[in-house]
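A short worksheet on the structure shown next.
Reminder, nothing fancy here: chain letters follow the sequence lines and each chain counts from 1. Source: prediction; values computed, not measured.
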Protein chains: 2
Amino acid sequence: MRIGELAQATGTKAETIRYYERAGILPAADRTDSNYRDYSDEHLATLTFVRRARALGFSMAQVRELLALSDHDDKPCENVDQLVRQQLSEVDSKIADLTALREELGQLLQSCEADRIGDCRIVESLSASRARP
Amino acid sequence: MRIGELAQATGTKAETIRYYERAGILPAADRTDSNYRDYSDEHLATLTFVRRARALGFSMAQVRELLALSDHDDKPCENVDQLVRQQLSEVDSKIADLTALREELGQLLQSCEADRIGDCRIVESLSASRARP
DNA sequence: ATGCACCTTGTAGCAGCTACAAGGTCAAGC
DNA sequence: GCTTGACCTTGTAGCTGCTACAAGGTGCAT
Ligand SMILES: [Zn+2]
Ligand SMILES: [Zn+2]
Ligand SMILES: [Zn+2]
Ligand SMILES: [Zn+2]
């Protein structure tokens with residue numbers, strides 16, 4: 001299949017696919033006589049894997065690791081599980097950060113009882129550190 | 001004060017401060033005879049504002065808006081509040097996304113009962129779409 | 001023959017820094 | 001007086017994960 005079909009099949013832009021090749025995430029495809037990339041079903045499977053892993057928040061580096069691991073059917077899957085656990089804990093900590101942020105933003109919003117910027121507690125709170133009366 | 005002191009005082013790297021100047025976030029400082037940047041207390045206040053806003057997740061563009069707004073004491077603070085509300089809702093939607101991710105990763109983790117990668121459901125689930133028996 | 005959709009490469013851009021390199025300045029210590 | 005070292009200056013390039021061109025080649029229908 002050509003790059004456009006693969007793109008369609010995986011919901012990826014052709015430019016992104018070429019980028020993955022450059023980045024060493026997706027192996028280079030064969031070429032037709034007219035130098036078009038010619039992808040196999042295996043490429044399709046790999047790209048699907050990549051997209052799914054990316055959608056789950058794995059970094060390119062992690063995806064590379066996952067791909068390398070998934071090539072070794074006979075090895076223990078401990079390392080795979082480990083990567084997933086790691087990603088899970090990163091997501092957890094991002095959620096925690098954002099939740100704290102959310103809290104602060106909420107308090108900011110509530111703090112405004114003024115009508116003009118000169119009296120606005122929001123602006124005040126942004127300028128100074130959070131010490132408030 | 002020189003850039004190093006300002007950096008220290010605000011927990012910002014000197015290189016970042018220069019970047020903010022280039023990016024039009026922080027006004028250019030005066031220069032000493034030897035061409036060193038010489039910052040005022042107002043710069044300190046502005047940079048504090050900027051860092052706080054950035055820490056709250058506002059983009060550079062939003063910070064620029066906030067700075068512009070905070071310059072106009074007499075204008076209504078509605079626009080400030082609006083920016084905060086917008087940021088709050090962006091944070092909310094990121095939290096929602098990450099929570100969904102977290103859920104999927106958790107299920108992935110639970111799905112593994114194998115010892116070797118060839119049988120690992122995690123690898124399987126990453127490859128195919130989520131249709132599972 | 002002409003149009004059009006597709007493909008190719010290469011390059012540059014986005015955010016928000018960070019990390020050099022190559023050099024100038026200033027105070028302290030000997 | 002001179003060196004050492006901490007600071008400062010500019011400029012440029014790198015990071016992540018794409019995305020968007022531009023300039024040209026190919027394949028097929030009309
Ligand atoms: Zn208000
Ligand atoms: Zn207000
Ligand atoms: Zn396992
Ligand atoms: Zn497993």
Side-chain angles (χ1 to χ4, degrees), chain A residues 1-26 28-40 43 46-67 86-87 90-91 94 97-98 101, chain B residues 1-26 28-40 43 46-47 49-67 83 86-87 90-91 94 97-98 101:
Chain A
M1 65 201 322
R2 294 193 307 186
I3 199 169
E5 291 170 78
L6 182 60
Q8 182 107 31
T10 56
T12 314
K13 301 202 170 180
E15 280 157 328
T16 304
I17 296 176
R18 284 189 281 257
Y19 165 73
Y20 285 157
E21 181 182 317
R22 260 196 333 274
I25 286 282
L26 192 64
D30 289 346
R31 297 298 182 121
T32 65
D33 290 350
S34 53
N35 199 31
Y36 288 6
R37 285 174 181 81
D38 187 20
Y39 290 100
S40 67
H43 281 103
T46 302
L47 183 52
T48 303
F49 184 106
V50 169
R51 294 301 279 178
R52 172 127 185 84
R54 293 283 306 123
L56 284 169
F58 290 95
S59 69
M60 298 283 276
Q62 286 174 323
V63 171
R64 253 182 286 263
E65 288 189 68
L66 285 170
L67 284 170
Q86 186 186 322
Q87 172 59 10
E90 275 165 32
V91 168
K94 278 184 196 161
D97 286 355
L98 285 173
L101 258 186
Chain B
M1 64 201 320
R2 294 191 308 184
I3 200 169
E5 291 170 78
L6 183 60
Q8 182 106 30
T10 57
T12 314
K13 303 202 169 179
E15 280 158 329
T16 305
I17 296 176
R18 285 189 280 257
Y19 165 73
Y20 285 158
E21 181 182 316
R22 258 192 338 270
I25 285 282
L26 191 63
D30 288 347
R31 297 298 182 120
T32 66
D33 289 350
S34 53
N35 198 32
Y36 288 5
R37 285 173 181 82
D38 186 20
Y39 290 101
S40 67
H43 282 102
T46 303
L47 182 53
F49 184 106
V50 168
R51 293 301 280 180
R52 173 127 184 83
R54 294 283 304 124
L56 285 169
F58 290 94
S59 69
M60 300 282 276
Q62 286 174 323
V63 171
R64 254 183 285 265
E65 287 190 68
L66 285 170
L67 284 171
L83 275 170
Q86 186 185 323
Q87 173 59 9
E90 275 165 33
V91 168
K94 277 183 196 161
D97 286 355
L98 285 173
L101 258 185

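- Nearest-nucleotide positions on DNA chain D for B/D38 and B/R22 put B/D38 closer to the 5' end.
- Checking the phosphate oxygens (OP1, OP2) of C/dC26, a side-chain nitrogen or oxygen of B/S34 falls inside 4.0 Å.
- Rounding to the nearest 0.5 angstrom, the gap separating the CG atom in B/D97 from the CG atom in A/L98 is 10.0 Å.
- When the C1' atom of C/dG10 is taken as reference, atom OH of A/Y19 falls 16 Å away, rounded to whole Å.
- Atom OH in B/Y39 sits about 14 Å away from atom C1' in D/dC7, given to the nearest Å.
- At C/dG16, none of the side-chain N or O atoms of B/Y20 fall inside 4.0 Å of OP1 or OP2 (strictly under the cut-off).
- Between A/A53 and A/V63, the closest heavy-atom pair is CB-CG2, 3.9 Å.
- Taking the nucleotide of DNA chain C with the nearest heavy atom to each of B/T32 and B/K13, the more 5' of the two is matched to B/K13.
- Of the listed nucleotides (C/dC20, C/dT8, D/dC8), D/dC8 has the atom at the smallest distance from the side chain of B/Y36.
- Counting heavy-atom neighbours within 6.0 Å of A/Q8 CD, excluding the residue itself, gives a total of 12 or less.
- To the nearest angstrom, C1' of D/dC18 lies 13 Å from CD1 of A/I17.
- With rounding to whole Å, A/R2 atom CZ is found 14 Å from C/dA5 atom P.
- Proximity note for A/R31 (side chain, C-beta onward) versus C/dT8, C/dT25, D/dC18: the nearest is C/dT8.
- In terms of phosphate contacts, B/T16 brings no side-chain nitrogen or oxygen within less than 4.0 Å of OP1 or OP2 of C/dG16.
- A donor-acceptor contact closer than 3.5 angstrom is absent between the side chains of A/H43 and A/T46.
- Listed pair B/R54 / C/dG16 meets the phosphate criterion, a side-chain N or O lying under 4.0 Å from OP1 or OP2.
- In the set C/dA19, C/dC6, D/dT10, C/dA19 carries the atom at the smallest distance from any side-chain atom of B/E15.
- In terms of modelled atom types and a separation under 3.5 Å, the side chain of A/R54 and the main chain of A/F58 share a donor-acceptor contact.
- Among the atoms of the strands shown, base atoms are found under 4.0 Å from some heavy atom of A/R18.
- Picking from D/dT9, D/dG17, C/dT8 the nucleotide with the shortest atom distance to the side chain of B/R37 gives D/dT9.
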